[in-house]
Amino acid sequence: MIRVPFVPDPLVGVARLALAIVAAAALCAAFPGRDVWILAPVAVALLALATCGARARVGFLLGLLTGLGFFGYSLSWAGIVVGVVPWVGLTVSQALFTGLLGAATAYLQSRGPVPRVRPLVVALAWVVQEALRDRLPYGGFPWVRLAFSQADSPLGRLAALAGAPAVTFAVALVGGILAAVVWRLGTRPTDKDLTPGRHSWGRAALTLGAAAVVLLSGFAVPLPTEGSPANVMAVQGNVPRPGLDFNAERRQVLDNHATATEDAAAEIAAGARAKPDLVVWPENSSDIDPTRNRDAEAEITRAVDAVGVPVVVGTLLEQPAPDISNVALLYEPGKGIVQTYVKQHPVPFGEYIPNRDFFRLFSDKVDLVRADFAAGTGPVLFRVPAASGGEILAGPTICFEVAYDDLVRDNVDLGANLLLVQTNNATFGYTDESVQQLAISRIRAMEHGRSIVHVSTVGVSALVSPDGTVHQPSALFTRTVLSGSLPLRNVRTIATMVGPWPEYAACLAFVAIVLLAGLRRPPPRDLPPRVHAEPPVTSEPHRG
């Protein structure tokens with residue numbers, strides 16, 4: 001009989017449910033907003049324990065339960081945008097992936113004569129689950145990945161070696177090791193191989209030591225911050241009101257950013273603020289197309305000329321008709337628009353509605369998106385001279401694009417020595433969405449060894465150095481101008497050079513483990529021992 005650690009047999013099912021629920025709560029607490037990052041591996045351990053020894057279909061339900069609790073809470077801000085029904089749909093769609101994770105770990109940890117927690121299997125399963133979730137459906141939704149809870153953890157530094165998937169792998173590996181220790185010490189199976197012996201506690205201590213080594217391994221990863229300095233300024237102009245109608249007064253939003261820039265220009269002229277090489281406005285800082293509206297164009301041009309340096313403006317272009325484009329425009333004093341970046345990955349259900357007629361059956365909120373956003377064709381570098389004598393090669397990323405590994409990596413591969421993350425969090429009010437996004441930017445800074453200007457219309461905005469350190473984080477729904485010096489770096493990290501291949505390798509390894517497990521038929525369990533019949537005894541006839 002297989003037992004869940006420390007739990008009487010009649011309560012095994014209840015214990016599994018409890019472990020799955022607590023795993024969801026631990027995951028919620030690990031992410032920005034609560035920031036108890038150490039609970040991420042604990043959550044992995046709890047789900048691994050819940051699924052170990054369970055049938056695959058039970059593992060699926062347990063993983064689904066964890067996912068519903070975790071995504072339902074962590075993505076609750078999505079309900080502000082599209083309503084309750086679509087938010088529930090997003091939650092369920094993401095939870096299905098943790099359901100598959102639970103099924104896979106239950107299946108693979110139950111192979112062999114007796115179940116046991118397999119830390120490597122657990123770690124690979126989490127990487128594969130996130131790889132699928134990052135791509136499916138409609139291009140995926142790579143938000144609240146395990147890696148993005150580790151910006152303040154030593155494990156976050158592992159991003160420099162193999163990106164966010166490496167951080168997820170390490171977090172899950174630590175969790176798997178913790179679960180293996182608990183399982184071994186708490187299980188009392190009949191199988192003699194798992195019976196606790198006199199060395200069990202010693203082996204547990206060694207195993208926990210291995211977990212500590214993995215947890216602290218990030219400190220061995222160097223995160224250089226040397227580079228030619230560039231003075232940057234980020235303008236958080238604020239909006240009239242939070243929520244869906246944040247941009248009801250579009251001109252006011254533009255006025256806020258233009259006025260804040262002009263006030264900063266006056267401070268520069270008075271010597272109270274250093275002159276920047278580049279100014280960055282956030283996404284939607286002008287939702288009035290300046291190429292079609294002369295007043296908007298004049299206001300932006302006046303602010304650019306006042307500050308006297310190039311300004312990156314986030315705006316919408318009413319093209320290509322009938323669609324619109326979410327863009328970053330580089331303005332230069334006296335020249336106007338000199339370069340344009342078009343967002344490559346519009347957000348499904350936020351910036352365009354896939355299968356609109358079908359989803360309208362569930363919610364009329366889909367019609368809040370009146371026109372679909374067109375996708376850009378590739379990355380663009382904004383080239384700006386720096387006062388130090390070098391050149392700023394700024395790679396723009398708009399809003400949720402920062403969560404996609406390939407979109408950020410493409411900027412660095414193109415030659416970016418500075419990354420820009422322009423976002424608009426006004427729609428999400430005072431939720432955790434803004435701090436979740438800033439944590440992603442911090443992981444990206446460590447991953448690629450690049451400084452990042454992370455600027456929002458309403459916050460949280462910040463300047464981020466290549467080691468993930470945050471400078472001048474702003475408060476929500478305030479007008480703030482951030483300015484400072486950030487190092488420009490050209491050296492590529494190992495993560496940038498190897499690209500997605502570590503993630504691909506993890507997926508292939510996991511598939512191989514699944515295939516091998518399917519070829520090895522485990523002996524049937526809980527069956528009575530087979531009785532072997534003895535051959536009949538024949539007696540020779542009596543003679544004499």
Side-chain angles (χ1 to χ4, degrees), residues 224-237 257-258 260-283 285 300-315 328-341 379-398 411-412 414-423 441 444-445 448-456 461-467 469-474 480-491:
T225 58
E226 300 83 7
S228 175
N231 291 324
V232 297
M233 189 167 80
V235 179
Q236 176 182 306
H257 288 84
T261 303
E262 291 168 353
D263 290 347
E267 293 176 2
I268 293 168
R273 185 186 294 268
K275 184 176 182 178
D277 299 313
L278 176 67
V279 177
V280 186
W281 290 9
E283 177 191 25
S285 49
I300 294 172
T301 300
R302 186 166 57 251
V304 173
D305 290 343
V307 76
V309 299
V311 178
V312 178
V313 176
T315 186
L329 303 177
L330 178 63
Y331 279 81
E332 288 187 5
K335 295 182 180 179
I337 300 170
V338 295
Q339 284 185 279
T340 301
Y341 168 71
V380 172
L381 288 186
F382 292 158
R383 297 177 176 271
V384 175
S388 61
E391 185 178 33
I392 298 173
L393 303 176
T397 300
I398 298 177
N411 280 327
V412 181
L414 196 61
N417 56 18
L418 176 71
L419 298 176
L420 312 180
V421 177
Q422 299 168 278
T423 186
S441 286
R444 295 305 184 202
H448 298 293
R450 295 295 185 269
S451 299
I452 295 181
V453 179
H454 182 105
V455 58
S456 165
S461 304
L463 306 180
V464 185
S465 54
D467 60 355
T469 301
V470 172
H471 306 277
Q472 305 175 42
S474 66
T480 307
V481 175
L482 314 178
S483 59
S485 177
L486 289 175
L488 303 178
R489 291 185 55 80
N490 296 303
V491 178

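All figures in this text were calculated on a predicted structure; none of them were measured in a lab.
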What verdict does the side-chain contact (heavy atoms from CB on, under 4.5 Å) test give for Arg450 and Val412, after you've listed the backbone C-alpha separation in whole Å, the side-chain angles of each residue and the deciding distance to 0.1 Å?
CA-CA 8 Å; Arg450 295 295 185 269; Val412 181; 3.6 Å; yes
Could you tell me which non-hydrogen atom of Pro379 sits nearest to which non-hydrogen atom of Tyr341, and how far apart they are?
CA-CE1, 4.2 Å
Ignoring hydrogens and angles, state whether a donor on the side chain of Thr315 or Trp281 is under 3.5 Å from an acceptor on the partner side chain.
no
What heavy-atom pair brings Pro282 and Val235 nearest, and what distance separates the two atoms?
CD-O, 3.1 Å
Tightest non-hydrogen contact, residues Val312 and Ala328, listed as CG1-CB, 4.0 Å
side-chain contact (heavy atoms from CB on, under 4.5 Å) for Thr480 and Ser461? Distances and angles first, verdict last.
CA-CA 9 Å; Thr480 307; Ser461 304; over 6 Å; no
Atom CG in Asn417, atom CG in Asn490: separation rounded to 0.5 Å?
5.0 Å
Considering only heavy atoms from C-beta outward, does the side chain of Asp277 approach that of Pro385 to under 4.5 Å?
no
Roughly how far apart are Arg444 CZ and Ile452 CD1, rounded to 0.5 Å?
8.5 Å
Asn411: partners by side-chain hydrogen bond (donor to acceptor under 3.5 Å, both in side chains), with sequence neighbours left out:
Thr397
Checking side-chain contact (heavy atoms from CB on, under 4.5 Å) for the pair Leu278/Val309: CA distance, chi angles, key distance, verdict?
CA-CA 6 Å; Leu278 176 67; Val309 299; over 6 Å; no
Any side-chain heavy-atom pair of Ile300 and Val311 under 4.5 Å:
no
Could you measure the distance from the CG atom of Leu329 to the OG atom of Ser285? Nearest 0.5 Å is fine.
9.0 Å
Does some side-chain heavy atom of Ser451 sit less than 4.5 Å from a side-chain heavy atom of Pro487?
yes
Nearest-0.5 Å distance that lies between atom NE2 in His454 and atom OG in Ser474:
8.5 Å
Would Ile398 and Leu420 satisfy side-chain contact (heavy atoms from CB on, under 4.5 Å), going step by step from the backbone distance to the final call?
CA-CA 8 Å; Ile398 298 177; Leu420 312 180; over 6 Å; no
CG on Leu419 to CG on Leu486, rounded to 0.5 Å
11.0 Å
Answer whether the closest heavy-atom distance between the side chains of Leu463 and Val453 falls below 4.5 Å.
yes
Do Met233 and Val481 come within less than 4.5 Å of each other through their side chains, counting heavy atoms only?
yes
Can you give me the closest heavy-atom contact between Thr261 and Ala303, atom names plus distance?
CG2-O, 3.9 Å
Smallest heavy-atom separation, Val455 atom then Val280 atom, equals CG1-CG1, 3.7 Å
Tell me, do Val232 and Pro276 make a side-chain contact under 4.5 Å, heavy atoms counted?
no
Hey, does the side chain of Asp467 reach the backbone of Gly449 with a donor-acceptor pair shorter than 3.5 angstrom?
no
Enter the distance from Ser388:OG to Leu488:CG here, rounded to the nearest 0.5 Å.
6.5 Å
Pair listing, side-chain hydrogen bond (donor to acceptor under 3.5 Å, both in side chains) test, anchored in residues 328-340, at least two apart:
Glu332-Lys335
Strictly by modelled atom types, are Ser456 and Thr423 linked by a side-chain donor-acceptor pair under 3.5 Å?
no
Looking only at non-hydrogen atoms, find the nearest pair between Ala462 and Val470 and report the distance.
CB-CG1, 3.5 Å
Where at least one partner belongs to residues 261-275, residue pairs that pass salt bridge (Lys or Arg N to Asp or Glu O under 4.0 Å), sequence neighbours excluded:
Glu262-Arg302, Asp263-Arg479, Glu267-Arg273
Would you mind reporting whether Pro224 and Arg489 have side-chain heavy atoms less than 4.5 Å apart?
yes
